[in-house]
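One structure below.
In what follows, chains carry the letters A, B, and so on, assigned in the order in which the sequence lines appear, proteins first and then strands, with residues in each chain numbered from 1. Just so you know, these numbers use all the heavy atoms, side chains as well, and skip hydrogens, waters and symmetry mates.
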There are 2 protein chains.
Amino acid sequence: MLHEEVVGRIRAILLDGEIPPGARIPERELCERLEISRTPLREALKVLAAEGLVQLLPHRGSRAAKLTDKDMRDLFEVCQGLEALAGELACERITDAEIDAIAAAHADMVQHYREGDLIQYYRGNRAIHEAIVTAAGNPVLAGLYTSVTARIRRARYVTPMTPQRWALAVREHEAILNALQRRDGAGLSHILRAHLRHKREEVLQAGFAETEANDLTLRIA
Amino acid sequence: MLHEEVVGRIRAILLDGEIPPGARIPERELCERLEISRTPLREALKVLAAEGLVQLLPHRGSRAAKLTDKDMRDLFEVCQGLEALAGELACERITDAEIDAIAAAHADMVQHYREGDLIQYYRGNRAIHEAIVTAAGNPVLAGLYTSVTARIRRARYVTPMTPQRWALAVREHEAILNALQRRDGAGLSHILRAHLRHKREEVLQAGFAETEANDLTLRIA
DNA sequence: TTTTTCATTTTTGAATGCAAAATTTGCGAT
DNA sequence: ATCGCAAATTTTGCATTCAAAAATGAAAAA
């Protein structure tokens, strides 16, 4: 198993919430499960620590990183900035084919909205945002975006998606698609910012509390 | 020696250009020099690879990452976006004391400009940009900024700093300080973008060529 | 002389082993 | 029964070791 694959598999375990935020990472168990020795596992953990997904405590092992409210706000702010930039760049560089693909994804997402399928809606939503970032044609930007959104997503916040909020989000997405089709970078950037700000407000309002269990883990330890 | 210290020392070696871009990283030598074994060294190299400073080639060791023109453009674009965001946030959060400190640093920098001391000017310039990012009060943003600027700086580009360019840069910095003092987030963001765009144009125009020696190293290898 | 092949050396990637640190456990004192 | 403290156990961090892959170099063939 290649180094990158080890990192990827542990990242997936963390993102799936299988090791919840704040929980201790069981070195020995992971070694057995991935069928590797401690050396490559520890290399991967240090990489993930640099990414912000893992917290290393000298002589005390590693834990799945736990996000505070402040961390969450910071991540959202940065995410907003990155998406706004991606939107501007995408308008300069996006091809007609890419726009068509996003339009199709958008139609798909709206369909899920109409059907009230939140899970599928989220999936489509994410695909669109990622497509915009990809269309920006900047791998550095794409890398940072992936890392930041991964950290946000891991928090598994549950926002109460009211019909009003949902309708607003869909309207914003209409505007996003529209700006893209007009290749209006400044406009798109502006809409994306507002869109993300709304999402951030939702999440922070909901408290996005990390589960009790983990707090307990930390308190006991 | 702690893990983070190992990472830091190797990063410094890379940023100093002691191991030039594209050059092979001599594991054994570094081990002897840092007085550590290969295990912690290799952990550090993987972390630096994730940061983009080191390139890992499976079964072929590691090299100091080499930046193409495209990489450079991408990094500048992202840097621009991050600084623009930092500027906006800073305007919301910066304290009077922080503004005063930046004003002092600015005066200092202008003095170096008057004296024609380019090295000190650059140092002051960098301090101001970093202070703005710090004033944004967002550690996630600060971390990404540090990582991106480090990669840019490592390229050791030499731009022909003409009197005109220099004068323009100083004027832009006046405007930056001014916007900060007025806490004009949108304005500051706009100026920072232009400022960075000008710098990027300088650098890309100059070609920022990685040194011949490294190209040779790669070609032979 | 140039190219190809093959044995030798070096280097890489990962498992194991070992000392130091931290955690847990057990026992005695209050 | 509870607290405190020391011994035992576990876990961590790193050095060492080992197998596999790649680089090197020398000899033979073209």
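A distance-only check finds no donor-acceptor pair linking the side chain of A/D117 to the backbone of A/H112 [under 3.5 Å]. A/D108 contributes no side-chain N or O that, together with a main-chain N or O of A/A105, makes up a donor-acceptor pair within less than 3.5 Å.
Inter-residue side-chain proximity for B/L67 and B/L75 is flagged as met; some heavy-atom pair is nearer than 4.5 Å. Side-chain contact between B/L141 and B/L82 is present, with at least one heavy-atom pair separated by less than 4.5 Å. Within the 4.5 Å cutoff, the side chain of A/L144 has heavy atoms near those of the B/V148 side chain.
The bend of the helix from C/dT1-D/dA30 to C/dT30-D/dA1, defined by the angle between the axes of its first five and last five pairs, stands at 10° to the nearest 10°.
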(message) Is there a side-chain hydrogen bond (donor to acceptor under 3.5 Å, both in side chains) between A/S147 and A/R151? Walk through the geometry before answering.
(response) CA-CA 6 Å; A/S147 152; A/R151 282 204 266 171; 4.5 Å; no
(request) Would you please test A/R63 and A/I25 for side chain to side chain contact (heavy atoms under 4.5 Å, CB included) and show each step? (result) CA-CA 5 Å; A/R63 293 178 171 282; A/I25 293 174; 5.6 Å; no
(request) Mark up nucleotides 9-15 of chain C, 5' to 3', with B wherever a protein heavy atom is under 4.0 angstrom from a base atom, S wherever such an atom reaches only the sugar-phosphate, and - elsewhere. (result) --SBBBB
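One can place CG of B/L45 at 14 Å from P of D/dC14, the figure rounded to the nearest angstrom. Across the protein-nucleic acid pair, A/L30 atom CG and D/dT12 atom P stand 11 Å apart, rounded to whole Å. Atom-to-atom, CG of B/L41 to P of D/dG13 comes out at 17 Å; the value is rounded to the nearest Å.
Note on ring orientation: taking the six-membered ring where Trp is involved, the planes of A/H195 and A/H173 are perpendicular (angle over 60°, cut-offs 30° and 60°).
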